[in-house]
Asks: 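Take a look at the following structure, please.
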Amino acid sequence: MPATVLVAEDQTDIRELLTLHLRQAGYEVTAVTDGEAALASQNEGAHDLLILDLMMPKLDGLEVCKALRARGRTMPILMLTAKSTELDRVLGLELGADDYLTKPFSLAELLARVKALLRRADLLRAAQATGAASGVLRNGDLEILPTKRQVRWQGKPLEFTALEFDLLLHFANHPGHVFSRGQLLNAVWGYTHDGYEHTVTTHINRLRAKLEADPMRPQLILTVRGAGYKMRESP
């Protein structure tokens, strides 16, 4: 079955162009013109991936993203924005988007991002469905089952998006190792582009919000000033 993609974009030319190229790439595409319709579409059956324009009538992309994450929906979300300010990009990621593209963008880059996000989501679903036995990575109260792609914190299961899990697993496989944001982009997202480093920062903030007793004073995923980030070595 082809992966299903929802495109929520109020600009007709962009919406039609995205729909055309995504269908040519083999995806089943639903297109809507506003955030209210995008949110309602997920009540009938969740799509495998959402492409949300930041600025839309009725509900904007940020509101749709926030509402879906509050419902526990973990499908990948790619945000499109005509704004280039750092604040807009960071806010979208903090509210639960997995990635973003700033207009204008190339269709080749968008299709590459879609493919990467869907691949991670497929791995997450397949691993959880098989429930195969696997070794466990431990770091204090943190337990990661890589093959099942499951995380437990203080014995309780936690929900992560596919990208959040991949980032956490990368840190857990290299405790004590310092990574720059560019290195993390390349290792986890599979690309390195100037201006996208905040994708890493905001995902780290999301990990801390789920794992740290006080995200402002992290004890597990640490900032190394002037160098990057690391996971503490196992106690």
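Sequence positions, counted from 1, serve as the residue numbers for this chain.
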Asks: Run the numbers on L22 and I51 for side chain to side chain contact (heavy atoms under 4.5 Å, CB included), then give the verdict.
Replies: CA-CA 11 Å; L22 286 164; I51 300 176; 3.9 Å; yes

Asks: Taking E164 for its side chain and T161 for its backbone only, find out whether a donor-acceptor pair lies under 3.5 Å.
Replies: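 Answer holds: yes.
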
Asks: If you group Ile, Leu, Val, Met, Phe, Trp and Tyr by side-chain heavy-atom gaps below 4.5 Å, do L207 and V224 land in one group?
Replies: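 Different hydrophobic clusters.
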
Asks: Does some side-chain heavy atom of I221 sit less than 4.5 Å from a side-chain heavy atom of I204?
Replies: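 Yes, side chains in contact.
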
Asks: Measure across M79 and A97 and return the closest heavy-atom pair with its distance rounded to 0.1 Å.
Replies: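 Between these two residues, the closest heavy atoms are CE-CB, 4.2 Å.
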
Asks: Could you state the interatomic distance from CD (Q219) to CZ (R217), rounded to the nearest 0.5 Å?
Replies: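 That separation rounds to 10.0 Å.
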
Asks: Measure the OG1-CG distance between T12 and L17 for me, rounded to the nearest 0.5 Å.
Replies: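 The CG atom of L17 is 12.0 Å from OG1 of T12, to the nearest 0.5 Å.
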
Asks: Between V29 and V7, is there a side-chain heavy-atom distance shorter than 4.5 Å?
Replies: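 Yes, side chains in contact.
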
Asks: Does any N or O in the side chain of E9 come within less than 3.5 Å of the main-chain N or O of V32, such that one atom is a donor and the other an acceptor?
Replies: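 Not confirmed, E9 side chain does not pair with V32 backbone.
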
Asks: On the ring face of F171, is K230 found with NZ or CZ under 6.0 Å from the centre and within 45° of the axis?
Replies: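 Negative - K230 is either too far from the ring of F171 or too far off its axis.
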
Asks: Tell me if a side-chain donor or acceptor on E63 pairs with a main-chain N or O of D60 at a distance below 3.5 Å.
Replies: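 Such a contact is found between E63 side chain and D60 backbone.
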
Asks: May I ask you to decide if R138's main-chain N or O and S234's side chain share a donor-acceptor pair within less than 3.5 Å?
Replies: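 Yes, the answer is positive, given that a donor and an acceptor are paired below the 3.5 Å cut-off.
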
Asks: Pairing donors with acceptors under 3.5 angstrom, does anything connect the side chains of D10 and T33?
Replies: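 Not at all, the side chains of D10 and T33 share no donor-acceptor pair under 3.5 Å.
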
Asks: Between T201 and R206, does a side chain to side chain donor-acceptor pair (under 3.5 Å) hold up when you go through it step by step?
Replies: CA-CA 9 Å; T201 305; R206 282 157 60 179; over 6 Å; no

Asks: Taking C-beta and beyond as the side chain, do M75 and D48 meet within less than 4.5 Å on heavy atoms?
Replies: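 No, their side chains stay 4.5 Å or more apart.
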
Asks: Where do P175 and A172 come nearest, in terms of heavy atoms and distance?
Replies: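 Nearest pair, atom of P175 first, then A172: CD-O, 3.3 Å.
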
Asks: For a quick test of reading the model, state the closest non-hydrogen atom pair linking Q183 to V178 and the distance between them.
Replies: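 Here Q183 and V178 meet closest at OE1-O, 4.0 Å.
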
Asks: Is the shortest side-chain heavy-atom distance between Y27 and L118 below 4.5 Å?
Replies: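 A side-chain contact exists here, since the closest heavy-atom pair is under 4.5 Å.
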
Asks: Out of curiosity, L107 CG to H21 NE2, how far, rounded to the nearest 0.5 Å?
Replies: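 So the gap between those two atoms works out to 4.5 Å.
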
Asks: Answer yes if the side chains of Q42 and H47 hold a donor-acceptor pair under 3.5 Å, and no otherwise.
Replies: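 Q42 vs H47: donor-acceptor pair found between side chains.
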
Asks: Can you check side chain to side chain contact (heavy atoms under 4.5 Å, CB included) on I14 and K103, steps first, answer last?
Replies: CA-CA 10 Å; I14 297 177; K103 300 174 184 176; 3.9 Å; yes

Asks: Just by modelled atom types, is the L169 backbone N or O under 3.5 Å from a matching donor or acceptor in the N173 side chain?
Replies: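 Present.
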
Asks: Between the main-chain N or O of C65 and the side-chain N or O of R73, is there a donor-acceptor pair closer than 3.5 Å?
Replies: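 Judged by distance alone, no pair lies under 3.5 Å.
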
Asks: Working to the nearest 0.5 angstrom, can you tell me the gap between R15 CZ and L80 CG?
Replies: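 The CZ atom of R15 sits 12.5 Å away from the CG atom of L80.
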
Asks: Identify the two heavy atoms, one from L145 and one from F165, that lie closest to each other, and give their separation to 0.1 Å.
Replies: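 Looks like O-CZ, 4.2 Å.
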
Asks: Compare all side-chain heavy atoms of E143 with those of W153 and state whether any distance is below 4.5 angstrom.
Replies: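 Contact flag for E143/W153 side chains = no.
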
Asks: Report the C-alpha distance between L68 and L39 in whole Å, list the side-chain angles of each, state the deciding distance to 0.1 Å, and finish with yes or no for side chain to side chain contact (heavy atoms under 4.5 Å, CB included).
Replies: CA-CA 8 Å; L68 289 172; L39 190 58; 3.8 Å; yes

Asks: Mind listing the closest non-hydrogen atom pair of L222 and R208 along with its distance?
Replies: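 Scanning both residues, the minimum pair turns out to be C-NH2, 3.5 Å.
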
Asks: Determine whether a donor-acceptor pair (N or O, by modelled atom type, separation under 3.5 Å) exists between the side chain of D53 and the backbone of A8.
Replies: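 Such a contact is absent between D53 side chain and A8 backbone.
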
Asks: Check whether any side-chain heavy atom of I77 sits under 4.5 Å from a side-chain heavy atom of L117, and report yes or no.
Replies: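 No, their side chains stay 4.5 Å or more apart.
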
Asks: Below 4.5 Å, heavy atoms only, C-beta onward: do M231 and L168 meet side chain to side chain?
Replies: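 Yes. Closest side-chain heavy atoms under 4.5 Å.
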
Asks: Transitively linked via ILVMFWY side-chain contacts under 4.5 Å: L20 with L101?
Replies: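 The answer is no; the residues belong to distinct hydrophobic clusters.
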
Asks: More than 12 non-hydrogen atoms from neighbouring residues, nucleotides or ligands closer than 6.0 Å to CD on E28, yes or no?
Replies: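 Open.
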
Asks: If you measure only the distance, is there a donor-acceptor pair under 3.5 Å linking the side chains of R71 and N43?
Replies: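 The answer is yes; a qualifying pair exists.
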
Asks: What's the separation between atom CD1 in I144 and atom CG in N139, rounded to the nearest 0.5 Å?
Replies: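 Between atom CD1 of I144 and atom CG of N139 there are 8.0 Å.
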
Asks: For this output row, return yes or no: ring centroids of F179 and H170 closer than 6.0 angstrom.
Replies: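 Judged by ring-centre distance (under 6.0 Å), F179 and H170 do meet the cut-off.
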
Asks: Can you tell me how far the OH atom of Y100 sits from the CG atom of L52, to the nearest 0.5 Å?
Replies: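 It is 16.0 Å, given to the nearest 0.5 Å.
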
Asks: Could you check F160 against T74 for side chain to side chain contact (heavy atoms under 4.5 Å, CB included), going step by step and ending with a plain yes or no?
Replies: CA-CA 7 Å; F160 290 87; T74 60; over 6 Å; no

Asks: State, to 0.1 Å, how close V64 and G35 come at their nearest heavy-atom pair, and which atoms those are.
Replies: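 Reported closest heavy-atom pair: CG2-O, 3.4 Å.
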
Asks: When you measure from the side chain of K210 to the backbone N and O of N205, does any donor-acceptor pair fall under 3.5 Å?
Replies: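 It does not hold such a pair.
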
Asks: Linking I/L/V/M/F/W/Y whenever any side-chain heavy atoms sit under 4.5 Å apart, do M56 and L62 land together?
Replies: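 In one cluster: no.
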
